[in-house]
Amino acid sequence: MNKQSIAANLRQIADLLEISGENHYKVTAYRNAAAALLQSSFRLEDIISRSVSVPGIGPDSLNLIRWCMEGGLKSAMAHLKISVPATAHQLLWVPGIGPKTAMVLIHNHHVDSLAALQAALSSNRLLHKPGFSAAKIHRMKRDVAVLLERMHSYPIAQVWPAALELQRSLEALSGVDQVGVTGDARRLVPMCKRLEMVVSVHDRTPFQTWCEANHATPKDDGYEWNIGPSDNPLTVRVYVADPPDFAQRQMETTGDQIHDEVIKGLLRQAGYSWTKAGICDMRGRRISPATEEEIYALVGLPFFPPELRSDRGLLQNPATLVQADDIQGDLHVHSNWSDGSMSIPELVERAETLGYAYIAITDHSQSLSIANGLTPERVLAQRAELKRVQSAASVKLLHGIEVDILADGSLDLPDDILADLDIVIASVHGAMYQSKSQMTNRLVRAIRNPYVDVIGHPTGRIIGRRAGYEVDIEKVVAEAALHGVALELNANPNRLDISEDILRRATQAGVAIAIDTDTHHPNEFANMAYGIRMAHRGWLTKGDVLNTLSHTGLMKRLKGQ
DNA sequence: GCCGTTTTCGGCCCGACTGTTTTCAGTCG
């Protein structure tokens, strides 16, 4: 078992304990342990053997990890005497269902999984039972349909890190030449059907031994096995290639299918054939392009980044796409003044290490009290702190805020406070289940505020968990264009908000995009890489992206000059 | 359960919204 699978088990155990009515802090402790395990760079073996200690993983969590390693989830559940069914944690995925409602469903209605809930909802047998109004049932039906997608696919935020970890393990094996991620994850598909890798080997024995040790099932073209929780496993598929075939094997497994067919069609027109046996020239001789670049070159095309490979991918010139080097700074970062974990000097240090020209400190505003949001007084106090830190920093600091868009579309801080800030990001954090027209009017009202520069995570989606609020995005885009307000591409892999379709619509309408990490913890600055890849899916060029501007250019733009 | 101590026990993010049990428990961010 790898870190991801164990962390998933830990989270599931925490959910089951919470449903069982266990102490809230104990539940939180196991969730923290799962997060600490994922964030730790130490090897699993070293953590278990206690040769290193990880903050957040105490003796009990360590035992739990051992039980999971030895006997899986069942064993851990037995040790902790958990009596609710293992699948019951799925109920907590549904917005509006917490531990108490989950327990009522299990005990009073014999509903102990997402599938059982869907069946109960469609049979209408929950209707008018205490706590289940007609409106609530209607909403749950919609949400459960979204969530059931998770039963056969996995969010990219889990698949990509798991893929990189697997890549490192495979690269360490002798006899292995090249290892690469492929399939959905390589194209940054938000919900991946499985985790796919390509491996080229010059000596198959060590790799085969490793696969057998991991209980992998042999397939025609490689191996397959499952990781993650047993009731919702992630399938891992590894394709094995001879070293000269690595590039073509990775290209044909990356997809998407339509892009592949287009390329194969162009190859045929150019006199080549691409069958199971590989690419052959017009005389039927095998050719083995060493890179994907060489395959595209056979048909006179430049290299297409995987994220661009879709039914419409060839319409965009990849040379114009925004690149990581174009990014001059991060415009959405939280400090420990609200719910970030880093102090402002620590954020500055990170930004300087990353070589950024500027960074905007954008903490939450007062109504988000759980996040210790800033009151007007604390905004002023923070300005003084920024001034002090700026005097010793080379990176330019922007004083910003992520101000809440309240239920009626007004903002959570008075205009005179917003007026003096360098950048104002306005975001929705509460009252997300408004009607489409209410939510649209709410966002439009926020965009019309003269001090708003960016709309943060504009649809509120959480990939695989929440569809996002219902909103007339065309109207929002049109209004943003009219008022020169940028839309955020939130690079957090759980959000990737806005989607590629909305990105294209926005840029066509002339709306600027801010690619932001929304960083709360040190390792989240790295999420910019997801942002860039998502930008490729949305065909963003350097000119479309607000934070490719120089500091001078950005300040001019923000001041409306 | 974990952490951090003034070291073995106290503290741990808290207020708004929602549906409805119409007075507040449950959920959420």
Side-chain angles (χ1 to χ4, degrees), chain A residues 10-11 13-37 40 47 50 53-65 67 76 79-80 82 91-105 108 126-140 143 334-341 363-375 378 402-408 410 412 427-435 438-439 442 456-457 460-462 465-466 468-469 490 492 494-495 497 518 520-521:
Chain A
L10 253 51
R11 283 193 299 264
I13 291 281
D15 287 349
L16 297 174
L17 287 173
E18 190 178 30
I19 294 170
S20 311
E22 184 54 89
N23 178 295
H24 165 69
Y25 292 110
K26 186 171 173 174
V27 172
T28 310
Y30 284 144
R31 288 192 183 132
N32 289 343
L37 182 65
S40 163
I47 296 172
R50 305 191 75 164
S53 76
V54 179
I57 303 181
D60 285 24
S61 297
L62 213 49
N63 274 334
L64 192 48
I65 292 172
W67 294 329
H79 275 99
L80 292 174
I82 292 173
L91 298 174
L92 297 184
W93 300 348
V94 182
I97 297 182
K100 309 289 180 190
T101 311
M103 201 51 159
V104 168
L105 283 168
N108 300 357
L126 296 176
L127 193 61
H128 303 314
K129 294 282 190 314
F132 296 97
S133 64
K136 187 162 184 175
I137 287 190
H138 172 76
R139 210 177 86 186
M140 284 208 288
D143 286 330
H334 294 271
S335 78
N336 58 7
W337 281 61
S338 65
D339 60 349
S341 65
D363 279 308
H364 290 288
S365 61
Q366 53 191 352
S367 81
L368 214 58
S369 47
I370 190 174
N372 194 20
L374 269 55
T375 58
R378 291 184 66 222
E402 184 184 15
V403 65
D404 256 56
I405 305 174
L406 302 175
D408 64 354
S410 64
D412 189 30
S427 308
V428 167
H429 290 110
M432 283 189 207
Y433 284 92
Q434 291 180 325
S435 70
Q438 262 183 313
M439 186 58 86
R442 181 178 174 187
H457 40 74
R461 77 164 172 181
I462 305 289
R465 195 160 273 265
R466 192 172 77 194
Y469 28 81
N490 191 294
N492 185 308
N494 291 298
R495 291 187 180 270
D497 183 6
D518 198 356
H520 288 75
H521 302 287

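In the text below, chain A, chain B and the rest are named by the order of the sequence lines, each starting its count at 1.
In this structure dT8(B) sits in no base pair that meets the Watson-Crick or G-U test at under 3.5 Å.
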Could you go through nucleotides 24-29 of chain B and list every protein N or O atom that sits under 3.5 Å from one of its N or O atoms, giving the distance for each pair?
from: dG26(B); atom 1: O3'; to: T101(A); atom 2: OG1; distance (Å): 3.4
from: dT27(B); atom 1: OP1; to: G98(A); atom 2: N; distance (Å): 2.7
from: dT27(B); atom 1: OP1; to: G98(A); atom 2: O; distance (Å): 3.1
from: dT27(B); atom 1: OP1; to: T101(A); atom 2: N; distance (Å): 2.9
from: dT27(B); atom 1: OP1; to: T101(A); atom 2: OG1; distance (Å): 2.4
from: dT27(B); atom 1: OP2; to: P99(A); atom 2: N; distance (Å): 3.4
from: dT27(B); atom 1: OP2; to: K100(A); atom 2: N; distance (Å): 3.1
from: dT27(B); atom 1: O5'; to: G98(A); atom 2: N; distance (Å): 3.4
from: dC28(B); atom 1: OP1; to: G96(A); atom 2: N; distance (Å): 2.5
from: dG29(B); atom 1: OP1; to: R466(A); atom 2: NH1; distance (Å): 2.5

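Comparing the same atom, P, in dT20(B) and in dG26(B) gives a spacing of 14 Å after rounding to whole Å. The C1' atoms of dG15(B) and dT21(B) are separated by 22 Å, rounded to the nearest whole Å. Rounded to whole Å, the separation between the P atoms of dG11(B) and dA16(B) comes to 24 Å. The gap from the C1' atom of dT22(B) to that of dC17(B) amounts to 16 Å, rounded to the nearest Å. dT6(B) and dG1(B) have their C1' atoms separated by 23 Å, given to the nearest Å. Separation of the P atoms belonging to dC12(B) and dT5(B) is 15 Å when rounded to the nearest angstrom. Nucleotides dT8(B) and dC2(B) have their C1' atoms positioned 13 Å apart, rounded to a whole Å.
D404(A) has its CG atom 12 Å from the P atom of dA16(B), to the nearest Å. Atoms CG (D412(A)) and P (dC17(B)) sit 11 Å apart, rounded to a whole Å. The CZ atom of R11(A) sits 18 Å away from the C1' atom of dG1(B) (whole-angstrom rounding). We find that CD1 of I13(A) is positioned 14 Å from C1' of dG1(B), with the value rounded to whole Å. When the C1' atom of dG15(B) is taken as reference, atom CG of D339(A) falls 15 Å away, rounded to whole Å. In this entry the distance linking CG of L62(A) with P of dC2(B) reads 9 Å, nearest Å. Taking atom CG of N32(A) as the reference point, atom C1' of dG11(B) lies 14 Å away to the nearest angstrom. Atom P of nucleotide dC17(B) and atom CG of D408(A) are separated by 10 Å, given to the nearest angstrom.
Side-chain atoms of D363(A) come within 3.5 Å of backbone N or O of S335(A) as a donor-acceptor pair. A side-chain donor-acceptor contact under 3.5 Å links R378(A) to the backbone of W337(A). The closest donor-acceptor contact from the side chain of D404(A) to the backbone of S365(A) lies at 3.5 Å or more, if one exists at all. Side-chain atoms of T28(A) come within 3.5 Å of backbone atoms of H24(A) as a donor-acceptor pair (strictly under, hydrogens ignored). The backbone N or O of H520(A) lies less than 3.5 Å from a partner atom in the side chain of S341(A), making a donor-acceptor pair. The main-chain N or O of A34(A) is never found under 3.5 Å from a side-chain atom of R11(A) such that the two would form a donor-acceptor pair.
Here L91(A) contributes atom CG and M103(A) contributes atom CE; the two are 11.5 Å apart, rounded to the nearest 0.5 Å. In this structure, CD1 on I462(A) lies 7.5 Å from CG on N492(A), to the nearest 0.5 angstrom.
The stretch residues 18-28 of chain A touches DNA chain B through Y25(A), K26(A), each having a heavy atom under 4.0 angstrom from the strand.
H364(A) and N372(A) share no donor-acceptor pair across their side chains, judged by distance under 3.5 Å alone.
Within 4.0 Å of S367(A), counting heavy atoms only, lies no atom of the nucleic acid at all. As judged by a 4.0 angstrom heavy-atom cut-off over every strand, D60(A) is placed among residues touching the sugar-phosphate backbone only.
Shown here are the salt bridge (charged side-chain N to carboxylate O under 4.0 Å, His left out) partners of R31(A), two or more places apart in sequence or in another chain: D15(A), E18(A).
Glycosidic conformation at dT8(B) (O4'-C1'-N9-C4 for purines, O4'-C1'-N1-C2 for pyrimidines): syn, within 90° of 0.
Mapping V54(A) and P130(A) onto DNA chain B by nearest heavy atom places V54(A) at the nucleotide closer to the 5' end.
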